[in-house]
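Since the structure comes first, as structure tokens, the remarks are kept for the end.
Just so it is clear, the model here is predicted, and its values are computed rather than measured.
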Amino acid sequence: MSADSGLQRENVRIEREGPVARVVMTRAAAAHALSRAMVADLGAAFERLAASNPAAIILTAEGDKAFCAGADLKERKGFTLGETRGFLDQLAALFDTIAASPRPVIAALNGVAFGGGLELALACDLRLAADHVQLGLPEVRLGIIPGGGGTQRLARVVGLGAAKELVLTGRRIDARRALAIGLVSSVVPATDLPGAAMTMALEVAEGGPLAVAQAKRALDAGFDRPLAEGLEIERAAYEVVLESADRNEGLAAFAEKRKPVWSGR
């Protein structure tokens, strides 16, 4: 895997390996806390990746102690109410950008993810965790609530009952509990996490990029709609791929017993 010096910022590094991009948070001394600069650097990284168009994106962090410990409370302590509202807007814009990425984003949770750090992971499409990881939304214990989408995205991932348990108690859970409630899709030893995330990303990359993007769109847009509306969304997404060059290539490759060569069109 190689780093591109043009994609290096103070708090974030982007690496590429074939069709997969890896966004690595590098603020380990601060447990990769979400300062304004960190949020800006993550936003710039995902904006850059939208132009370079990888097949899949892995989001992770350096070290094995923290994926992201949440908002930078030392910085935030000095915020006015107006600055706090502005930061929440900045945070929401980042999470919405990640969630709306046409390329699937896989969070490789190498360490703790609390508060905004868990909300960051929830904005991703898939989550893998190292076996020592702890997760939680402790905001009520600080007299606030999750303000970066946690009350909404968590419930959509794990269901309302489990979401209420975590949000209303501020409880921390371990990786096994996270797996049991569907918050993460697999738990592996910490040393195996990078490889497991790359394996999943390469599995995604085997699909036609147009098909993957439209499947993600159908899933996201149709999830909380009535079934009839969801089926309409699915059909509209299918129409996009129906007349595509990738569909023709996929059928030809299957008939010729070879790997398809995708064009994304």
Using residues 202-209 as the side-chain source, report each donor-acceptor pair under 3.5 Å to any protein atom, sequence neighbours left out, with the distance given to one decimal.
none

Would you be so kind as to tabulate the donor-acceptor pairs closer than 3.5 Å made by side chains of residues 136-148, with sequence neighbours excluded?
from   : atom 1 : to     : atom 2 : distance (Å)
Arg141 : NE     : Thr169 : O      : 2.9
Arg141 : NH2    : Thr169 : O      : 3.0

Listing, residues 233-241 side-chain donor-acceptor contacts under 3.5 Å, not counting sequence neighbours, or none:
from   : atom 1 : to     : atom 2 : distance (Å)
Arg235 : NE     : Glu239 : OE2    : 3.3

Steps toward side chain to side chain contact (heavy atoms under 4.5 Å, CB included) verdict (Arg172, Leu135): CA-CA 5 Å; Arg172 298 179 178 186; Leu135 311 170; over 6 Å; no
Side chain to side chain contact (heavy atoms under 4.5 Å, CB included) between Glu10 and Asp41, worked out: CA-CA 7 Å; Glu10 182 181 358; Asp41 285 354; 3.8 Å; yes
Residue pair Leu126, Val105: steps toward the side chain to side chain contact (heavy atoms under 4.5 Å, CB included) verdict: CA-CA 7 Å; Leu126 299 162; Val105 183; over 6 Å; no
Intermediate values then yes/no, side chain to side chain contact (heavy atoms under 4.5 Å, CB included), Asp125 and Lys216: CA-CA 9 Å; Asp125 299 290; Lys216 174 173 152 55; 2.7 Å; yes
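Counting non-hydrogen atoms of neighbouring residues, nucleotides and ligands closer than 6.0 angstrom, the CG atom of Leu81 reaches no more than 12 such neighbours.
To the nearest 0.5 Å, atom OG of residue Ser244 and atom CG of residue Leu210 are 5.0 Å apart. Summarising the geometry, atom CD1 belonging to Ile98 is positioned 9.0 Å from atom CD1 belonging to Ile57; distances are rounded to the nearest 0.5 Å. To the nearest 0.5 Å, atoms CG (Leu118) and CZ (Arg127) are separated by 8.0 Å. Between Leu120 atom CG and Phe114 atom CZ the span is 14.5 Å, to the nearest 0.5 Å. We find the CG-CG distance between Asp131 and Leu179 to be 11.5 Å, quoted to the nearest 0.5 Å. Between the CG atom of Asp89 and the CG atom of Leu94 there is a distance of 12.5 Å, given to the nearest 0.5 Å.
Put simply, the residue from Leu109, Leu59, Ile58, Ile106 that forms a side chain to side chain contact (heavy atoms under 4.5 Å, CB included) with Cys124 is Leu59.
Arg171 meets the salt bridge (charged side-chain N to carboxylate O under 4.0 Å, His left out) test with Glu165; sequence neighbours excluded. For Asp174, there are no salt bridge (charged side-chain N to carboxylate O under 4.0 Å, His left out) partners at least two apart in sequence or on another chain. Shown here are the salt bridge (charged side-chain N to carboxylate O under 4.0 Å, His left out) partners of Arg36, two or more places apart in sequence or in another chain: there are none. Partners of Asp192 by side chain to side chain donor-acceptor pair (under 3.5 Å), not counting sequence neighbours: none found. Evaluation of the salt bridge (charged side-chain N to carboxylate O under 4.0 Å, His left out) rule for Glu232 yields no partner, not counting sequence neighbours. Take Asp64 and apply the side chain to side chain donor-acceptor pair (under 3.5 Å) test, not counting sequence neighbours, and it matches no residue.
No continuous path of hydrophobic side-chain contacts links Leu42 to Val24 [ILVMFWY only; heavy atoms under 4.5 Å]. Leu166 is not connected to Val112 by any chain of hydrophobic side-chain contacts under 4.5 Å among Ile, Leu, Val, Met, Phe, Trp and Tyr, and they are in different clusters. Under a hydrophobic-cluster definition in which Ile, Leu, Val, Met, Phe, Trp and Tyr are linked whenever side-chain heavy atoms come within less than 4.5 Å, directly or via other members, Leu73 and Met38 are assigned to different clusters. Clustering ILVMFWY residues whenever any of their side-chain heavy atoms sit less than 4.5 angstrom apart, transitively, puts Phe67 in the very cluster that holds Val184. A continuous path of ILVMFWY side-chain contacts below 4.5 Å connects Val133 to Val187, so both sit in one hydrophobic cluster.
Taking the side chain as every heavy atom from C-beta outward, Arg22 and Ile14 never approach each other to under 4.5 Å. Between Asp224 and Arg156, some side-chain heavy-atom pair lies under the 4.5 Å cut-off. Side chains of Thr97 and Glu47 form no contact here, defined as non-hydrogen atoms less than 4.5 Å apart. Contact annotation: the side chain of Val157 approaches that of Leu122 to within less than 4.5 Å [non-hydrogen atoms, C-beta and beyond].
Scanning both residues, Pro104 and Val212, for their nearest heavy atoms gives CG-CG1, 3.5 Å. Looking at every heavy atom in both residues, Ala45 comes nearest to Val23 through CB-CG1, 4.4 Å. The two residues Ser185 and Met200 have their closest heavy-atom pair at OG-CE, 4.0 Å. Nearest heavy-atom pair, Ala71 versus Phe87, reported as atom, atom and distance to 0.1 Å: CB-CE2, 4.4 Å. A pairwise comparison of heavy atoms in Gln90 and Ala40 identifies NE2-N, 3.7 Å as the closest pair.
Although no hydrogens or angles enter the test, the distance criterion places a donor-acceptor pair under 3.5 Å between the side chain of Thr60 and the main chain of Ala108. Within the 3.5 Å criterion, the main-chain N or O of Gly117 finds no donor-acceptor partner in the side chain of His32. With hydrogens and angles ignored, the 3.5 Å screen pairs no side-chain donor or acceptor of Arg13 with any backbone N or O of Thr26. Remark: the backbone N or O of Asn110 is paired with a side-chain donor or acceptor of His132 at under 3.5 angstrom.
Residues in residues 247-260 take part in these salt bridge (Lys or Arg N to Asp or Glu O under 4.0 Å) pairs, two or more places apart or across chains: Glu249-Arg258, Glu256-Arg258. For residues 95-122, the pairs satisfying salt bridge (Lys or Arg N to Asp or Glu O under 4.0 Å) are Asp96-Arg153, with sequence neighbours left out. Listed by first then second residue, pairs satisfying salt bridge (Lys or Arg N to Asp or Glu O under 4.0 Å) with a partner in residues 67-79 read Arg27-Asp72, not counting sequence neighbours.
Ion pairing between a basic and an acidic side chain is recognised when a charged N comes within 4.0 Å of a carboxylate O; Arg265 and Asp246 show no such pairing.
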